[in-house]
Amino acid sequence: MLLMLHDLQSVSQRGINGLSLGAIYALGAVGLTLVYGILKLVNFAHGEFLTFGAYMAYLVNVTWGVPLIFGILFAIATTALLGVALEKLMWAPMRGRGAGMLQLVLMTIGLSFLLRYGIQFVWGTELRQLDVNVTDTVNFLDLRIGRTQLIVVVVGFVTLVATGLMLRMTLLGKRMRALSDDLELAEASGIDTSRVILWTWIFAAGLAGLAGVFAGAVTQLQPELGFELLLPIFAAVILGGIGNPFGALAAGVLLGIVIEWSTFFVTPGLKLAVGFVILIIVLIIRPEGILGRARTV
Amino acid sequence: MSDPLSAFHLAVSFSAFTDIDFWTSVGILAGTYAIFATGLQMNVGFTGIFNFGQVGFMAIGAYSMAILTAEHGVNFWLSLPISILIAIGFGLIIGLPSLRLRADYFAIATIAAAEAIRLVALNARDLTNGPQGIFGFDNSWNSVSDSIEEFIVDLGWTDVPSLFPLFLVTWVVAIVLIVGFSRIQRTPWGRVLRAIREDEDAARALGKNAFSYKLQSLAFAATTGALAGFVLALNLKFVVPDEFQPLVTFIGYVVLLLGGLANYWGVVVGSVILWTVLEGMRFVELPLSETKIAALRFMILGVVLIGLMAFRPQGAFGKREEMVLGD
C-alpha cells in the first residue's frame, strides 16, 4: 500500500532510516529489558547511558582526532564501566537493603538528572557532530542510501544477531535468562548471581553506549540525546514483553520502521507521538507485550 | 560575571537577598509547584498510584485556557472551569486503560501520555500555534491584578511588585487546595484511598471498587495540574510546549519527597525549600558560565533525589509509620 502511494525511493530511504532507528532502539531496549528482568529495575537513567556513550565517542573522535572506530570501542568500554560502577555504588547496596521498586525508580530518575546535566556541565548544550560523512550516499539497486545510515544498519544488525546468539547459545546468556526468569531459583541452582549481574550491566551499558554513538552519528549530539530516545526504547521493551531480550530486539527494529513510515501519514514532528500511542494501545490490549508470555501485569 | 574579580572568588551578593521582586517570582514558582504536587500527593502518598504524567494535565489546563480565551473569545473566568473539566476528561481517558496495569507499567504509560500531549502541542500548529505558543489570554486577569495592586498601594505599600497580586492568588489557591484535600482525606472516601494504598485486594474484598477510587484520585490530580497550569500561564504570559517537559513532573516528585509523603502540608515545605535553594543559588557567584550553573542546579536536584531515596525513602519530613516507598 505504501508503494502505491509513494515512490520506491522515498519508501526505501525511510525504510533504511527506520532500520537504523530500529537498530538504535533495539540495542537500547535489549539492555534495559535484561536489567528489568534480572534486577526488577525500571532504569530511567538508561537513556543517559546512550548520551554518555555518544559523548565518549565524541571525546575520542573529535577532541582527540582519532578515527571513529576507536571512538566506538572507547564508548562501549567506558559506558560498560559506568554501568558496573553504578551497580557497585548504588544498586547492589540498595538491593542489600531491600529497597522497593518505586524507590529505585525514583533513584534512577535522580541518576538520570545527574548524568544528563553532568554531561551538559562539561560539554554545554550546543549541538555537536561526530566526524562522519553524513551526505555521502551509496547506490544500491538504483536506490540512494545514506552511507552512515547503511553502516549503522549493518553494524547494528550484526551486533543484534551476535547478542541474540550470545543469549541463546552461551552459558552466560543462559544464566542471564535463568536469572531473568527467577533470580532465587537461579541462585539456588548454584549460579554465581552477582557475577551474572555484573555481566548483565556490562552488556546493557555497553550496548547502550554503542546505540548512543549510532544515534549521535545519524543525528547530532546534545545532552538530551538519550533521554529523547528513552520512551521509544521503553515502548520496544514493553512491546517485546518486559524482561524478554529477544522480544525487545524484534520490537525495537519493528518500532523504528513503523515510526519512520508513519511520517508518510503524519508530520515528522509527531512520529514519536505515534510510537507512544502504539505503546499505550498495546498496554491496553496486550500488556504482556506482543511477544511476551501471558502473566500477571 | 562582568566583574573580573568575581570570576575568581566565590562571592555572595547579600543585597539581592532583600530583592522583593525576585522573591515574589520565587514565591510564585514555589506556589505553582505546591499546587502541582498536591494532586501528586493524593496519588502517590494517599492512593499509592505512581502518576508520572502530571505535567500532561498542567499542559492541558494551560492550553485549554489559552486556546478558549485567546482564539475563541471565551470569557477568561469561564474558561477556567471548562479547562479543569477538559483536564479531568484527559485524566479519565489516560486512567481508564492504564490504571488496570501494574505500577511500573502505569508509570511508563502516564509519562508516555504526557509526552504525546506535549508533542501534539508542538506540532498541531492550527490548534496550538506550535513552538511559538499562544499569547493574549490574560487581559481579564491583568485588570484584576491591577485592582489588587491599587488596593495594596492604598493600604500604604507604594512600591508593590507587579507580580505580587499573582503571588497572593497563587498561595490562596494553594492553601485552599491543601486545606480542602486534607479534609477530603479524613472523609470515608479518603480512608478508602488509604486502604487501597495499604492493600488493594483487602479493599476489594470489602466491596470497594478500587479501580473507580483510583480513577477519582487521578481526576483530583488532573484538577491541581490544570490549576498549576493556569498560574504558570499567567506568570509567563504565554503558553509554549517547552514548558511541559517530563522534567516538570520529576521536579514535582522532588517537591513531594522533600516535604514527605502522605502529608499535604509537606508539599508546601518541599516546594518552598526546593525553590529557595535552587533560585537562591543565583546569588552565589560561581566562576562559571550560565549553562554550567543551570546544569549544576539540576545535578543538585538529581543528587537530592538519589540521597532521599537511598537514605530517607519516606521523604525528608515524612512519617515512616505512614508511608515508605517500596514496602
Side-chain angles (χ1 to χ4, degrees), chain A residues 36 40 42 44-45 90 93-94 97-122 124-126 223-224 227-228 230-232 234-235 237-238 242 266-277 279-281 283-285 287 296-297, chain B residues 44 48 50 52 94 96-98 100-109 111-120 122-125 130-131 245-247 249-251 253-254 257 288-289 291-310 313 324-327:
Chain A
Y36 177 85
K40 300 289 171 274
V42 181
F44 274 88
M90 282 172 73
M94 289 307 289
R97 280 194 233 169
M101 188 199 67
L102 289 151
Q103 190 182 345
L104 294 176
V105 166
L106 289 167
M107 273 183 96
T108 68
I109 290 173
L111 178 63
S112 145
F113 279 16
L114 185 60
L115 291 174
R116 189 186 332 157
Y117 292 101
I119 288 166
Q120 182 175 324
F121 187 87
V122 178
T125 46
E126 59 265 43
E224 310 232 313
F227 187 71
E228 285 171 1
L230 182 67
L231 279 179
F234 264 130
V237 165
I238 291 173
I242 200 159
V266 299
T267 119
L270 276 179
K271 65 182 182 183
L272 278 179
V274 170
F276 301 154
V277 172
L279 168 67
I280 292 166
I281 292 172
L283 277 174
I284 298 164
I285 56 175
T296 328
V297 285
Chain B
V44 182
F50 292 80
F52 272 32
I94 294 166
L96 270 173
S98 56
R100 295 187 190 278
L101 303 168
R102 217 171 56 193
D104 46 354
Y105 285 72
F106 178 74
I108 296 169
I111 192 177
E115 272 293 86
I117 290 169
R118 183 178 69 85
L119 289 170
V120 169
L122 192 60
N123 289 283
R125 286 164 190 273
Q245 301 277 353
L247 186 72
T249 305
F250 297 148
I251 294 177
Y253 271 84
V254 177
L257 295 162
L288 295 170
S289 72
T291 3
K292 281 197 196 297
I293 289 175
L296 199 61
R297 281 151 49 98
F298 288 112
M299 287 167 74
I300 291 172
L301 210 60
V303 171
V304 168
L305 196 50
I306 294 171
L308 274 176
M309 287 302 91
V324 186
L325 278 177
D327 287 339

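Numbered from 1 within each chain, the chains take letters A, B, ... in sequence-line order.
Closest of all the heavy-atom pairs between B:L305 and A:G110 is CD2-N, 3.6 Å.
To the nearest 0.5 Å, atoms CG (A:L102) and CE (B:M309) are separated by 10.0 Å. For the atom pair CG (B:N123) and OG1 (A:T267), the distance works out to 4.5 Å, reported to the nearest 0.5 Å. Rounded to the nearest 0.5 angstrom, A:L279 CG and B:I111 CD1 are separated by 11.0 Å.
The candidate from A:L270, A:V274, A:L231 with the greatest count of non-hydrogen atom pairs under 4.5 Å with chain B is A:L270. Ranked by non-hydrogen atom pairs under 4.5 Å with chain A, the options B:A116, B:A103, B:S98, B:A295 are led by B:A295. Ranked by heavy-atom pairs under 4.5 Å with chain A, the list B:L247, B:V303, B:I300, B:V304 is led by B:L247. Comparing A:G275, A:G269, A:A273 by how many heavy-atom pairs each has under 4.5 Å with chain B, the most go to A:G269. With respect to chain A, the highest number of heavy-atom pairs below 4.5 Å among B:I117, B:D104, B:V254 belongs to B:D104.
Both the backbone and the side chain of B:T291 come within contact range of chain A, with heavy atoms under 4.5 Å apart. Residue contact with chain A, scored on non-hydrogen atoms closer than 4.5 Å, involves the backbone and the side chain of B:V120 alike. In this structure, no portion of B:L96 lies under 4.5 Å from any heavy atom of chain A. Looking at A:V266, there are no atoms closer than 4.5 Å to chain B (heavy atoms on both sides), in backbone or side chain. The contact between B:A113 and chain A is made by backbone and side chain atoms together, counting heavy-atom distances below 4.5 Å. Neither the backbone nor the side chain of B:L122 comes within contact range of chain A, judged by heavy atoms closer than 4.5 Å. Contacts between B:Y253 and chain A at a heavy-atom distance below 4.5 Å involve the side chain alone, from C-beta outward.
Note: A:F44 and B:F52 have tilted aromatic rings, judged against thresholds of 30 and 60 degrees for the angle between ring planes.
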Determine all donor-acceptor pairs shorter than 3.5 Å in which one atom belongs to a side chain in residues 114-121 of chain A; sequence neighbours excluded.
unit_1: A:R116; atom_1: NE; unit_2: A:E48; atom_2: OE2; d: 3.0
unit_1: A:R116; atom_1: NH2; unit_2: A:S112; atom_2: OG; d: 3.1

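No side-chain donor-acceptor contact under 3.5 Å links A:Q103 to the backbone of B:P313.
The shortest distance between side-chain heavy atoms of B:L308 and A:M107 does not fall below 4.5 Å.
Applying the ring-ring contact (aromatic ring centres under 6.0 Å, His included) criterion to A:F113, with sequence neighbours excluded, gives no partner residue.
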